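These notes concern the structure reproduced below.
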Amino acid sequence: MKQVITLLIGIGSLTNVEAQSKRALQPEDIYRMKTVSSPQVSPDGNWVVYQVRSIDSAKDKSSSDLWMMSWDGKENWQLTYDAAGESAPKWSPDGKFISFLSTRTGDKNSQVYALPTKGGEPKRITNIKGSINEYLWAPDGKKLVLSISDPDYSDTAASKIRKPYVINRYQFKQDREGYLDSTGTHLYLFDIPSGKLDTLTSGVYSETQPAISPDGNLLAFVSNRTAVPDKNDNSDIFLMELKKGAVPQPVTSWKGSDSRPVFSPDGKQLAYLQSSSQDDFTMYGHSILGVISIADKKSRLLSSQLDRPVQNIRWEADGQGLLALMEDDRRVQVIRVNAGTGAHETITSGDHSFYGMELNTAKKSWVGLRSTPTLPAELFAFESGQLRQMTHHQDSFLAPLQLPLVEGFQSTSKDGTKVSGILYKPHTYQAGQKLPLVIFIHGGPVAQDEFDFDMTRMVYAAAGYAVAAVNYRGSSGRGVAYIRSIYGDWGNKEVMDVVGVANHLVAAGVADPARMGLGGWSYGGITTNYTIATDTRFKAAVSGAGSSLQLSLYGSDQYIAQYEYELGVPWKNRDKWLALSYPFFKVDKIKTPTLFMASESDFNVPVAGAEQMYQAFKSVGIPTELVIYPKQYHGISVPSYQVDRLKRHIAWYNKYLK
């Protein structure tokens with residue numbers, strides 16, 4: 001008996017030591033975190049192939065490899081190790097091969113490779129000059145449909161000097177793509193045995209998002225065939241026979257966007273997504289699930305009554321229903337929609353977010369990526385009404401960490417609007433303790449902060465801050481009216497909601513009113529600028545990839561269609577443009593020390609947006625600093641830059657809030 005008691009005491013002591021040895025999250029933990037994505041279920045339902053992205057800190061780059069797991073979770077191993085990385089895994093129809101895109105043999109552009117599931121080396125099966133963006137297996141397993149961007153012949157091989165950009169498009173810039181002097185993206189049929197490539201579509205328009213009917217006879221795709229595609233968000237779904245020379249025919253006519261076609265199991269219907277608006281610019285809305293009868297081209301919308309965005313639609317095996325992901329007030333749930341009546345049921349519940357859901361028709365179940373505030377995304381299976389965690393790639397990442405405390409809240413803005421948010425507090429937080437506050441604002445604006453693993457806000461909380469995520473008006477997950485409330489009225493209701501969150505957390509006794517800061521990236525940076533120009537209580541701010549002198553961005557970024565549709569052209573609506581640029585013109589009234597950041601190659605929100613505010617702050621003597629990340633686009637991709645950004649944010653907040 002004494003021996004048993006001693007053993008139990010020993011175990012208890014060990015548990016306490018383990019708890020005490022856990023540490024707070026640090027910016028450098030970015031290097032350790034894995035990203036799981038792209039699950040694909042084998043035709044027999046017994047296996048799942050998926051991607052895992054990891055970071056090589058020595059090389060300062062990330063790379064994705066493929067893994068394979070048995071459905072029961074008993075077997076799991078890494079399939080590929082090539083430094084070039086792999087993406088877009090798919091199973092061949094007979095299940096004998098796993099295909100993927102890669103540049104592993106030094107190709108300039110990604111090619112399709114096939115890896116035998118019984119073992120062996122991957123074999124390159126395409127040798128295409130253009131860039132393969134998407135690909136699909138035909139049901140017979142002998143052909144591929146490829147979506148290929150037209151080759152860029154502007155580089156002179158001999159001198160390696162690029163020829164001048166020659167541009168005649170309405171929209172001539174796009175983040176990551178650069179100047180748009182190239183032509184389109186078209187669909188091709190690739191015969192695997194012979195290597196023959198047949199052109200399916202051509203011309204001045206682009207074709208994307210291909211889908212093949214179960215019998216292999218029909219091809220659906222998405223294209224904008226208006227007179228000037230750059231001037232609107234229209235896209236329609238087209239159908240054609242899957243053969244060279246076939247003529248595509250439109251099956252939708254909505255003036256907004258119709259996208260993501262998916263054939264029903266019997267091939268008689270197409271499920272798709274339709275924008276909630278048919279305006280020329282449709283960002284201020286969301287996607288609705290629809291179904292088209294191929295025989296008579298009649299369509300029905302199934303999810304309009306939900307007033308929530310749906311995505312990732314998948315047909316059930318019997319064709320009677322569809323599964324989809326639905327955003328709903330800080331959560332992403334899996335729903336089932338009856339294909340005949342539109343009746344829906346929410347299959348999952350709880351404070352979590354799902355991504356990348358795929359059906360396992362053989363097992364009458366599905367697999368998806370699930371994340372919670374304390375768990376980075378892992379694969380979960382849903383069977384017999386229960387969720388089962390499949391992968392455990394995040395276990396080693398989480399093992400040494402003591403994570404911050406996370407809870408949802410709702411604040412009330414001064415006009416009575418209820419605003420949903422998420423609050424992060426240090427794991428050492430004690431009730432009644434007043435903390436310095438950081439409100440970190442999401443971009444978009446049409447997006448939502450969710451109950452998922454938020455590395456950025458968690459790191460701030462681990463550094464000793466109360467951190468608030470706020471789904472201000474303009475955010476998704478609360479209905480179309482909530483989204484559209486900021487249309488043409490930037491820097492008004494969003495600021496009201498951000499300030500309302502600050503007031504709420506001060507009143508709740510969590511935030512120290514004398515030590516409040518804020519920040520954000522993209523529209524989060526823009527809203528940061530609007531807020532510090534409205535309320536001088538904030539003692540520190542970080543504004544990343546933001547802008548204030550909106551008039552100066554006309555023709556300098558990729559949003560020309562939005563500007564002209566939402567705001568009107570500057571020479572006719574000058575007062576409107578100047579009114580929305582108020583942070584720049586009120587700079588002498590701003591009191592908040594602000595760190596400005598930008599990416600050198602960003603065509604989404606160009607570096608000028610940060611440079612202008614930095615220069616204005618310098619001119620009037622407000623403490624400021626400017627950090628520009630070399631050769632980065634709107635999203636920072638270099639791991640060391642991601643770490644650097646977090647560390648600089650924390651240092652800035654520490655300087656002024658502690």
Side-chain angles (χ1 to χ4, degrees), residues 38 64 82 84-90 99-114 122-138 142-169 171-212 219-225 229-230 235 238 240 242-248 259-261 558 601 603 633 637:
S38 308
S64 291
D82 195 272
E86 297 80 27
S87 63
K90 298 183 188 297
S99 58
F100 56 85
L101 293 175
S102 182
T103 57
R104 57 173 44 212
T105 55
D107 304 295
K108 180 180 179 182
N109 298 308
S110 292
Q111 302 294 332
V112 179
Y113 288 76
K123 178 183 178 181
R124 187 176 69 181
I125 58 177
T126 64
N127 187 17
I128 306 299
K129 291 183 178 180
S131 177
I132 299 176
N133 303 313
E134 302 173 85
Y135 74 98
L136 291 174
W137 285 89
K142 297 178 180 179
K143 295 181 287 292
L144 298 172
V145 169
L146 307 176
S147 172
I148 306 174
S149 296
D150 291 339
D152 182 0
Y153 296 110
S154 60
D155 292 325
T156 303
S159 65
K160 297 183 179 180
I161 300 298
R162 194 196 194 281
K163 293 181 180 178
Y165 294 99
V166 180
I167 298 169
N168 55 25
R169 290 180 56 165
Q171 180 191 338
F172 63 92
K173 301 175 84 171
Q174 184 71 34
D175 193 43
R176 300 192 70 87
E177 295 181 40
Y179 288 103
L180 301 178
D181 67 341
S182 59
T183 49
T185 297
H186 302 296
L187 302 179
Y188 299 82
L189 187 62
F190 180 81
D191 183 78
I192 296 173
S194 68
K196 181 182 178 183
L197 186 70
D198 285 330
T199 300
L200 295 175
T201 64
S202 60
V204 297
Y205 302 107
S206 290
E207 297 83 27
T208 61
Q209 303 172 28
I212 304 174
L219 176 69
F221 63 83
V222 173
S223 184
N224 182 341
R225 301 205 166 182
D230 288 344
S235 62
F238 290 76
M240 63 182 291
L242 186 55
K243 64 180 183 181
K244 181 180 180 179
V247 179
S259 62
R260 301 296 169 189
Q558 64 190 36
S601 302
F603 277 1
Y633 302 113
S637 60

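These figures come from a predicted structure and were not determined experimentally. Residue indices begin at 1 and follow the sequence shown.
- Counting only heavy atoms from C-beta outward, the side chains of Phe100 and Pro122 approach each other to under 4.5 Å.
- Between Pro89 and Ser38 the shortest side-chain heavy-atom distance falls below 4.5 Å.
- One distance of note links CD1 of Ile192 with CG of Leu144; it measures 4.0 Å at 0.5 Å rounding.
- The CG atom of Asp191 lies 11.0 Å from the CD1 atom of Ile125; values are rounded to the nearest 0.5 Å.
- The backbone N or O of Arg104 lies less than 3.5 Å from a partner atom in the side chain of Ser102, making a donor-acceptor pair.
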Could you check Tyr135 against Ser99 for side-chain hydrogen bond (donor to acceptor under 3.5 Å, both in side chains), going step by step and ending with a plain yes or no? CA-CA 10 Å; Tyr135 74 98; Ser99 58; 2.8 Å; yes

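- No more than 12 heavy atoms of other residues, nucleotides or ligands lie within 6.0 Å of CZ in Arg176, so this atom counts as exposed by the packing criterion.
- The two atoms that bring Asp175 and Ser601 nearest to each other are OD1-O, 3.8 Å, heavy atoms only.
- Using cut-offs of 30° and 60° for the angle between ring planes, the Tyr179 and Phe603 rings count as perpendicular.
- The shortest side-chain heavy-atom distance between His186 and Asp150 falls under the 4.5 Å cut-off.
- Here the CG-OH distance, from Asn224 to Tyr205, works out to 8.5 Å after rounding to the nearest 0.5 Å.
- A 4.5 Å side-chain heavy-atom check between Leu197 and Leu146 finds at least one atom pair inside the cut-off.
- For the pair Lys244/Leu189, no side-chain contact is recorded, criterion being any heavy-atom separation below 4.5 Å from C-beta on.
- One distance of note links OG of Ser202 with OH of Tyr188; it measures 7.5 Å at 0.5 Å rounding.
- Contact between Asn133 and Leu101 at its shortest, heavy atoms only, is O-CD1, 4.4 Å.
- The two atoms that bring Leu219 and Pro210 nearest to each other are CD1-CB, 4.0 Å, heavy atoms only.
- The shortest heavy-atom contact between Pro261 and Val222 is CD-CG2, 3.7 Å.
- The nearest pair of heavy atoms linking Glu86 to Asp82 is OE2-CB, 3.4 Å.
- The minimum heavy-atom distance between Gly195 and Phe190, with the atom names listed, is O-CE1, 3.5 Å.
- Rounded to the nearest 0.5 Å, atoms CZ (Arg260) and CD (Gln209) are 3.5 Å apart.
- The shortest distance between side-chain heavy atoms of Leu200 and Leu242 falls below 4.5 Å.
- In this structure a side-chain-to-backbone donor-acceptor pair under 3.5 Å is present from Asp230 to Gln171.
- Note: Lys243 NZ to Lys143 NZ = 12.5 Å, rounded to the nearest 0.5 Å.
- No donor-acceptor pair under 3.5 Å is formed between the side chain of Ser223 and the backbone N or O of Glu207.
- By the 4.5 Å heavy-atom criterion applied to side chains, Asn109 and Lys129 are not counted as neighbours.
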